[in-house]
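Data block below; observations after.
In this text, all values refer to a predicted model and were calculated from it rather than measured experimentally. Labels below follow one simple rule: chain letters A, B, ... track the order of the sequence lines, proteins then strands, and each chain is numbered from 1. Side chains are part of it too, since the values below use all heavy atoms of this structure and drop only hydrogens, waters and symmetry mates.
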Amino acid sequence: MTASQAVRQVFGFFGFLGRRTGKARVFALLGLMPVVLAVVVRIVFHSRTGPLASVFTEILMVFFLQFYIVILALFYGTSVTAEEVENRTLSYLITRPIPKPAVVLGKFAAYAALMFVLVAVSLGLSYFIMNAAHLADPALYLTFLRYLGVLGLGILAYGAFFTFLGTVLKRAIIVGLVFGFGWENVIQYFPGSTQRFSIVHYLKSLLPYAPEGRSAGKGVALLLFRLEPTSPLLSILALAAITAAFLALACWLFRIKEYLYEE
Amino acid sequence: MSVVIAAANLSKWYGNVLGLNDVTLELEEGITGLLGPNGAGKSTFMKLITGQMKPAIGTVTVRGRRVWNNPEIFQGLGFCPEHDVFYEDVTGWEFLTGLLRFYGYAKSEIAERAARALAVVDLTEDKDRLIRGYSRGMRQRIKFAQAIAHDPDILILDEPLSGLDPLGKRKLIRLIKEFKNQGRTVLVSSHVLPEIEALTTRIVLIHQGKILAQGDIPFIRELIEAHPHQISVRSSDPRALAARFVGDRSIQKMTFGPDGQTLVVETHKRDEFFGRLTGVVLEAGLEVEEISSPDDNLQSVFEYLVGK
Amino acid sequence: MATVREKGYSHWDGRLSARRFPWWPITRTGIQLAFRKKRFKLVFAGAFVPSFVFLVGLYISERLEDFKAFVRGSDRLLNISPKYFATYFTNDSFLFLIVLVLAFGTGGLIADDLKHSSLQLYFSRPLGKKDYFLGKMSVVAFFVLILTALPGLVLVIFKLIFAGSFKFFLTYPWLPLSILGYSALLTLFFGFYVLLLSSVSKNGRYVIILIFGAYIFSNVLSGILQGIFKIPALALFSIPSNLQQAGAFIFGQKLPHDVPAAWSFAVLAAICGLSAAVLNRKIRSVEVIK
Amino acid sequence: MSIEVKDLSFRYGRIVALDGVTMRLGDGAVGLLGPNGAGKSTLLRILLGFLVPERGEGRVLGYDIRREQAEIRRSVGYMPESDCFIAGMDAVTFTAYFGELSGMPRQEAMKRAHEVLFYVGLGEARYRLLDTYSAGMKQRLKLAQALVHDPKILFLDEPTSNLDPTGRMEVLDLIRDISANKSIQVLISSHILDDIESLCESVVILKHGRLAAEGRMADLRAISYSLFELRIKGDGGAFRKDLEGLGSRVDEMDDGLIKVYMPEAGDRMDIFRAAARTNIQLRSFVKSQTSLEDLFADVVGVD
């Protein structure tokens with residue numbers, strides 16, 4: 001069985017399993033919150049149109065970018081390896097004729113796909129409900145695809161990093177929390193290139209609003225607060241590099257590590 | 001009988017905890033019982049054979065091929081983990097077909113193999129129920145099914161009978177024996193010695209990381225010179241029987257059982273004793289109710305070799 | 001006369017008796033276990049920082065003249081009145097530190113019992129479910145009271161000592177009662193709140209995240225909602241706001257959100273009710289032996 | 001005797017767990033047997049007062065299981081089947097803690113905890129944290145916490161699971177010592193029939209919530225015809241013909257065991273005379289009775 005076939009099979013196995021566990025439903029519920037918010041805003045502000053709608057979209061993006069995908073990636077990322085070790089189901093997987101890295105890559109891909117579906121549905125519903133007034137305008141769809149692309153890259157980068165954390169540390173969730181909600185938020189107050197040492201910086205640089213352009217209300221400032229963006233191309237490359245590097249590290253570690261359930 | 005699993009000067013420890021200490025061993029077809037006190041290195045040995053751990057010194061090979069990070073040996077090897085752990089939110093069918101994905105079978109072959117494995121462990125009617133709802137016996141049997149579904153010729157079982165009720169044990173013992181009768185190799189580890197005795201007479205005894213004994217139980221018992229054999233004879237007049245044997249030099253010790261009917265004799269020369277016993281009993285006109293050898297079982301072999 | 005102690009099992013000649021507080025050993029052990037957790041002593045000590053800060057505040061208020069130049073704008077804060085105590089009891093960092101201490105110290109109260117299935121050991125003893133909960137809840141009560149009632153009363157005493165007169169006490173005789181009342185409210189609420197979340201899962205880490213997460217999320221959520229809809233009643237979504245409302249009411253101060261205080265009390269009571277119901281259902285005897 | 005139940009019935013929703021069980025448990029050690037789901041743990045739970053039976057009543061040590069629950073649980077020691085301990089505690093505080101919860105004064109509980117821990121063989125490890133305990137040590141710890149308050153009755157659920165062979169022997173000796181002469185009634189539920197065989201005088205077998213068999217083991221296993229199982233050394237052929245000449249049927253099993261079915265009137269010593277005539281060594285000679293496993297199999301049905 002070639003390595004790529006093995007990855008595809010592991011992807012199939014965990015794609016199926018991921019949907020089954022109760023946790024997926026809990027996160028889907030969490031994803032419902034922005035949709036409800038969008039509906040309520042539509043009802044309350046249906047008379048006024050224009051920039052106000054896009055401002056609220058900004059506020060939603062804060063939820064998605066700095067909370068939802070981080071929580072998803074933290075949970076699913078750390079559980080790529082930690083879950084199998086903790087529930088001791090690891091021995092079912094590594095006594096199969098497939099290379100160990102295939103388990104990490106296959107499972108990561110399955111969970112990334114699951115996360116992407118959750119985010120796409122939630123973002124899609126809330127975005128289009130919020131901007132229902134001018135559905136005809138093609139630019140609307142372009143911005144949506146761009147948002148989705150940014151969140152997708154975010155899922156991959158955060159997911160890979162947390163997968164690596166889950167393979168290295170025993171207490172991955174706590175460290176992940178500190179990184180995801182501590183370091184990533186604090187970084188924006190640091191000057192100069194220190195911002196380059198966080199994932200959220202590259203994601204923000206890809207957002208469709210030029211920072212010093214028109215300041216469209218509180219929402220935008222919130223996101224692009226004191227951002228010194230790197231060029232979109234460089235950001236995408238950086239995100240891709242982060243994803244690849246941390247996944248490779250996770251695979252290598254998983255291959256050489258011996259998991260000892262307490263003797 | 002070719003060598004299937006071989007270990008050469010195999011040693012393993014983690015931190016300062018000793019796992020295995022210079023173990024050299026060869027396992028052939030048929031069922032071999034692996035036993036030893038807690039922390040003797042039994043589970044370390046199991047993990048080394050199933051590639052969950054890397055040998056520190058020496059090698060362990062299955063059909064001549066190294067085990068660590070060498071996945072294709074699992075094409076022909078099935079493993080039953082000790083812990084009662086599963087993917088709880090899937091049905092028996094999904095569990096088997098899911099794990100069968102990794103052998104490169106076509107979809108139809110996966111379904112056919114899963115059905116056959118379920119039939120062997122007779123869980124066919126429960127195949128669409130979630131494993132979460134399975135009883136302990138059913139979980140143990142589905143675990144056995146996932147180990148034999150890809151038709152391996154080596155089966156490694158870690159405490160397969162633990163937690164099963166007597167009927168469940170009988171059923172699984174029969175399955176394991178049927179598997180062996182197809183000329184395959186089975187390595188079973190267990191704490192409960194009567195379970196090992198029900199499966200095989202061939203054992204490997206590990207203690208403090210070393211192989212203490214290997215071979216057939218009666219053969220090992222013979223080799224243990226240090227401890228004389230015990231023979232218990234329950235008869236109408238044990239004292240008369242004892243009086244007749246007192247002069248016999250080969251008898252080391254005689255004790256009378258609490259029930260006042262049993263005479264327990266300890267001797268190195270069992271042959272000689274049994275030779276004379278029938279004659280003596282008839283000559284003395286005694287009524288004999290029972291003759292047995294209380295220490296001719298695995299428990300006492302274990303006690304001698306491992307005991308304090 | 002020689003005696004030989006009989007080998008093997010020996011009986012105990014004492015007599016088993018029903019005790020007045022059968023649940024007391026549970027509380028004592030719960031507290032001991034909390035202090036044995038790594039780094040908990042550090043977190044616990046840190047929780048006393050606000051009371052220390054307010055103590056210094058008391059000192060400065062007495063020596064206002066010499067600090068005049070230094071303390072330009074904030075003399076308004078430093079005239080000591082029930083408002084001073086209300087601020088102490090309802091400021092955000094004070095409540096957050098209590099949640100921090102409870103999450104680390106008492107998060108595992110029920111979660112650990114569920115994880116190691118030791119419930120069946122408890123209930124194979126002459127112990128009712130009521131005793132079990134009372135024992136566990138008084139562990140939480142211990143920590144909350146030590147962080148609220150104790151420093152509160154000590155501050156009042158130091159105010160009298162620093163002022164050198166009972167005038168303060170005579171003008172506000174009801175203040176110690178408010179302190180005790182508010183501490184009791186916090187004890188009751190956090191007792192139910194922590195036990196509810198502790199019984200939700202076996203995984204200790206998950207429970208700690210839940211205790212933090214629910215508290216912060218409720219605040220964030222109500223902040224966002226108020227940000228969008230500007231309706232004051234939305235403050236009821238946030239646990240800290242409710243506690244602050246109740247505190248302000250008990251100390252007779254202006255309510256931070258113009259929502260009737262009764263609503264906040266109702267929300268807090270509802271959470272306690274929910275917790276009692278969930279706990280009663282979750283720790284059923286059948287659950288006890290799986 | 002201390003445990004008596006009449007027409008006990010209980011149901012989890014639709015599933016009938018106990019269906020009218022009436023029995024009086026004999027003295028000494030009693031084995032509680034039955035396939036998984038036969039109602040064993042339900043019976044234990046009702047006797048311990050965790051569940052209230054739908055129908056029927058019962059008395060434990062004279063206390064009624066419906067009304068005097070606290071009294072029953074004070075004088076009962078329960079050793080659960082699943083692993084249970086409290087992380088962060090050492091063995092002494094753990095055992096003393098549960099002694100206290102049973103009503104012992106604190107100092108007495110601490111003193112008694114040491115005594116009991118030595119008795120179950122955890123003497124040297126009694127100050128270590130329970131998180132570092134192996135499965136076998138946790139098993140002994142469970143026995144210790146069941147004994148700390150000196151109960152009148154011990155309910156042991158799978159007492160010898162996950163113990164290594166030496167550990168199993170030691171725990172069996174402990175239980176034998178407790179039940180034999182120390183006036184403590186012991187009820188043991190186990191799947192390892194060898195343990196029940198070596199510990200208990202009488203046994204109760206449940207099946208689908210009903211009483212399948214109850215009574216002293218010796219009576220249940222006695223069989224009418226006289227069947228002898230032999231192991232011999234030497235030429236079996238002649239010996240076999242000689243025996244058949246005396247009118248008894250002889251079968252030889254694949255593992256060398258010889259089964260001799262003697263006619264009612266036959267004298268067992270004829271076998272010895274036949275052995276002497278054909279100079280055969282009689283190495284094992286046992287009057288067969290149904291093994292507990294066979295008894296279990298045919299009482300509970302399907303093999």
Practice item. Would you please test D:His191 and B:Leu161 for side chain to side chain contact (heavy atoms under 4.5 Å, CB included) and show each step? Key: CA-CA 10 Å; D:His191 283 322; B:Leu161 300 174; over 6 Å; no
Point to revise | Residues B:Lys169 and D:Glu293 bridged, charged N to O under 4.0 Å | key: no
Check your understanding: Which region of D:Arg268, side chain (C-beta onward) or backbone (N, CA, C, O), has a non-hydrogen atom less than 4.5 Å from a non-hydrogen atom of chain B, or is it both or neither?
Key -> side chain
Review point. Roughly how far, to the nearest 0.5 Å, is CZ of D:Phe228 from CD of B:Glu289?
Key: 9.5 Å
Check your understanding: So with a 6.0 Å cut-off around NE2 of B:His207, is the heavy-atom count from everything else above 12?
Key -> yes
Review point. Which region of B:Gln299, side chain (C-beta onward) or backbone (N, CA, C, O), has a non-hydrogen atom less than 4.5 Å from a non-hydrogen atom of chain D, or is it both or neither?
Key: side chain
Revision key, fill the gap. So, the part of D:Asn279 with a heavy atom under 4.5 Å from chain B: the answer is neither
Practice item. Could you please spell out the steps behind the side chain to side chain contact (heavy atoms under 4.5 Å, CB included) verdict for B:Val281 and D:Arg273? Key: CA-CA 10 Å; B:Val281 159; D:Arg273 286 184 200 87; over 6 Å; no
Review point. Measuring from D:Met269:CE to B:Glu287:CD, what's the distance to the nearest 0.5 Å?
Key: 5.5 Å
Study note, to complete from the structure: If one checks every heavy atom of D:Ile280 against chain B at 4.5 Å, the contacting part turns out to be backbone
Point to revise | Non-neighbouring partners of B:Val204 that pass side-chain contact (heavy atoms from CB on, under 4.5 Å), sequence neighbours left out | key: B:Leu25, B:Leu27, B:Thr32, B:Leu34, B:Ile206, B:Ile211, B:Gln214
Exercise for review: Looking only at non-hydrogen atoms, find the nearest pair between D:Thr166 and B:Glu303 and report the distance.
Suggested key: CA-OE2, 4.0 Å
Point to revise | D:Asp164 to B:His191 - nearest heavy-atom pair and separation | key: CA-ND1, 3.8 Å
Check your understanding: Which region of B:Leu164, side chain (C-beta onward) or backbone (N, CA, C, O), has a non-hydrogen atom less than 4.5 Å from a non-hydrogen atom of chain D, or is it both or neither?
Key -> backbone
Check your understanding: Side chain, backbone, both or neither: which part of D:Ser284 has an atom under 4.5 Å from a heavy atom of chain B?
Key -> both
Practice item. Heavy-atom distances under 4.5 Å only: say whether D:Ile192 touches chain B with side chain, backbone, both or neither. Key: both
